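Below is one structure; the comments refer to it alone.
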Amino acid sequence: MTATVPASTSAAGTTDERLDEVFAPIFARIAEGAVAREDDRRLAHDEVSWLREAKFGALRVPVELGGYGASVRQLFRLLIDLATAESNLPQALRVHWSFVEDQLAALPDHEAERWLRKVAEGTLVGNAITEPGVGAIDRYQTRLTADGDSWRLDGTKYYSTGSLYSDHILVAADQDGERVSVLVDADAEGVTQHDDWDGFGQRLTASGTTEFSGVQVSGDRILGPGYGVEGRTYATSYLQLVQLSVLAGIAQRATDDVSEWVRERTRTFTHSTADLPRHDPLVQQVIGRLTAAAYSARTIVLDIADQLDRLAETAWQDEKLLDEVEFDVARAQATVIPLVLDATTQLFEVGGASITYERLRLDRHWRNARVISVHNPLIFKLQAIGDHVLNGTELPYAWSAGQK
């Protein structure tokens, strides 16, 4: 007889309660400085170091390799909670999680085990995939060329999310016409990183430019097919779900911030229906809409995380499950994005002009939600969903941006 694992426990025995005991105080500490970081545009290096010390990056690493052995659901539950505290950080660590999943799927490979142990020691992995200008619709302009017994990496990347916080950078490159993934040390000679991300939201994700000039790469750092290779992959649904978890966290933080503001407010209008805003049924309706959006987004994310857990049990190889999860996360994107954008717009209806004061920074919730929502453009995703439903057309999975 197979033992039943409680819902709050991963297969490795890590409980939700234990994870909350470790990370809830850290998230609370991170949340305290969110407005100040926004004002100063200060990258969250200190905050990332707190997460690193607590082995947040090793949530999915098996206990026997030094991690927590958390399930995918437990990971995404904590990503929502972290996004509630600081929406920039789950996005900044987005590719780190897929790197870990790739290593888990490769076990018992010795190199995969070695990297998982390093993650358990605090190693974080950022990314350098997207390219400016011509981009990578045809092929990556970032190239690996033979250089004696090793390889030379040259090119420029943009949207290098999280790399300024990371020890290693997962780089997508062209190697003799093939798309490959290359793992580069962030401090390697020839690597230059710039904090020049210019979006009006998610300003602290460190999503700027990374330049690679003559970076020496050994053969063991070429990890196989790179992003954008044709065919099914778990990575697109997994990475997109990180973005949706960020939106769920934004909705929750907006609910918390605005509710606190309304509770303390005594000023109202002559034609309001109550003496205090918190007793006004129209204001209550806005708060109701906010908390409903946060709940709905969270529920959808965790439902898909459960599907990813089932898919992970197949080492990400079940084609039927891959299609189902890809389809569901695309539909979830089309639901969660407008839900959270509407809620973070409507929140301003609970007060007059004073709710727009910059010191409150309530605008950051909409700005952050708006920016993260364009990551996988919804209009193209909706078209792909419709074509799939009507004509059975295969879903696009990984895709590249650039000039055709």
Side-chain angles (χ1 to χ4, degrees), residues 10-14 19 48 51-52 54-76 78-79 90-129 160-163 165-173 175 179-186 188 217-229 231-242 305 307-318 321-322 325 397-398:
S10 76
T14 301
L19 293 172
V48 170
L51 295 172
R52 187 195 302 269
K55 295 189 177 184
F56 189 70
L59 279 169
R60 289 277 293 145
V61 174
V63 172
E64 60 270 22
L65 298 182
Y68 289 96
S71 66
V72 176
R73 180 188 177 90
Q74 288 175 315
L75 166 64
F76 277 92
L78 289 175
L79 289 180
Q91 185 185 1
L93 298 174
R94 193 170 71 112
V95 169
H96 174 85
W97 306 115
S98 64
F99 173 80
V100 170
E101 293 296 348
D102 285 345
Q103 308 315 306
L104 289 171
L107 289 174
D109 177 78
H110 173 73
E111 279 298 296
E113 179 177 327
R114 184 174 73 86
W115 280 111
L116 289 171
R117 289 189 183 279
K118 287 177 68 67
V119 167
E121 293 167 1
T123 291
L124 294 175
V125 177
N127 91 95
I129 295 173
S160 307
T161 304
S163 289
Y165 299 128
S166 301
D167 304 285
H168 307 288
I169 306 172
L170 195 64
V171 185
Q175 183 187 35
R179 292 173 179 253
V180 295
S181 292
V182 184
L183 194 63
V184 174
D185 295 342
V217 177
S218 58
D220 64 333
R221 290 296 189 92
I222 303 172
L223 304 186
Y227 181 86
V229 173
R232 292 177 175 87
T233 173
Y234 82 92
T236 47
S237 60
Y238 200 104
L239 294 172
Q240 184 58 37
L241 195 62
V242 176
Q307 296 182 57
L308 286 170
D309 264 320
R310 292 192 291 274
L311 185 55
E313 292 174 359
T314 75
W316 310 107
Q317 296 301 310
D318 189 306
L321 285 179
L322 280 167
V325 176
Y397 282 92

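None of these values were measured; they are calculated from a predicted model.
- Between Q175 and I222 the shortest side-chain heavy-atom distance falls below 4.5 Å.
- Closest approach of A186 to I169, counting heavy atoms only: CA-CD1, 4.0 Å.
- T236 pairs by the side-chain hydrogen bond (donor to acceptor under 3.5 Å, both in side chains) definition with E326, not counting sequence neighbours.
- Shown here for G226 and S181, the closest heavy-atom pair between the two residues is CA-OG, 3.4 Å.
- The salt bridge (Lys or Arg N to Asp or Glu O under 4.0 Å) test applied to R60 returns E101, not counting sequence neighbours.
- Among all heavy-atom pairs drawn from L308 and S237, the shortest one is CD2-OG, 3.8 Å.
- Between G162 and S166, the closest heavy-atom pair is O-OG, 2.8 Å.
- For the side-chain contact (heavy atoms from CB on, under 4.5 Å) test, residues two or more places apart in sequence or in another chain that qualify with A112 are Q103, A106, L107, D109.
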Exercise. side-chain contact (heavy atoms from CB on, under 4.5 Å) between L116 and F99: does it pass, once the steps are laid out?
Worked result: CA-CA 10 Å; L116 289 171; F99 173 80; over 6 Å; no
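- With sequence neighbours left out, A58 forms a side-chain contact (heavy atoms from CB on, under 4.5 Å) with K55, V61, V119, A120.
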Exercise. Would V171 and V217 satisfy side-chain contact (heavy atoms from CB on, under 4.5 Å), going step by step from the backbone distance to the final call?
Worked result: CA-CA 11 Å; V171 185; V217 177; over 6 Å; no
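- Judged as a side-chain hydrogen bond (donor to acceptor under 3.5 Å, both in side chains), and not counting sequence neighbours, the contacts of D185 are H168, R221.
- For R310, there are no side-chain hydrogen bond (donor to acceptor under 3.5 Å, both in side chains) partners two or more places apart in sequence or in a different chain.
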For this session: Please step through side-chain contact (heavy atoms from CB on, under 4.5 Å) for the pair L322 and Y397, ending with a clear verdict.
Result: CA-CA 10 Å; L322 280 167; Y397 282 92; 3.7 Å; yes
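- For the atom pair CG of L93 and OG of S98, the computed distance is 11.5 Å after rounding to the nearest 0.5 Å.
- Looking only at distances, a side-chain donor or acceptor of Q74 sits under 3.5 Å from a matching main-chain atom of S71.
- The side-chain hydrogen bond (donor to acceptor under 3.5 Å, both in side chains) test applied to D102 returns Y234, not counting sequence neighbours.
- Under the 4.0 Å criterion applied to side-chain N and carboxylate O atoms, R117 and E113 are assigned as salt-bridge partners.
- Legend: residues meeting side-chain contact (heavy atoms from CB on, under 4.5 Å) with R52, ordered by chain and number and at least two apart, are V48, L124, D167.
- Rounded to the nearest 0.5 angstrom, L239 CG and N127 CG are separated by 9.0 Å.
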For this session: For V72 and Y238, run side-chain contact (heavy atoms from CB on, under 4.5 Å): C-alpha distance rounded to whole Å, both residues' side-chain angles, the deciding distance at 0.1 Å, then the answer.
Result: CA-CA 10 Å; V72 176; Y238 200 104; 4.3 Å; yes
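- The two atoms that bring V229 and P225 nearest to each other are CG2-CB, 3.8 Å, heavy atoms only.
- With values rounded to the nearest 0.5 angstrom, R179 atom CZ is found 10.5 Å from I129 atom CD1.
- Between V242 and L79 there is a side-chain heavy-atom pair separated by less than 4.5 Å.
- Under the rule for a salt bridge (Lys or Arg N to Asp or Glu O under 4.0 Å), the partners of E111 that lie at least two apart in sequence or sit in another chain are R114.
- Checked against ring pair (Phe, Tyr, Trp, His ring centres under 6.0 Å), F56 has the following partners two or more places apart in sequence or in another chain: F23, F27, W97.
- Closest approach of P62 and L104 over heavy atoms only: CD-CD2, 3.5 Å.
- Taking 4.5 Å as the limit, some side-chain heavy atom of L19 sits within range of a side-chain heavy atom of L59.
- When atom types are taken as modelled, the side chain of D309 and the backbone of R73 share a donor-acceptor pair closer than 3.5 angstrom.
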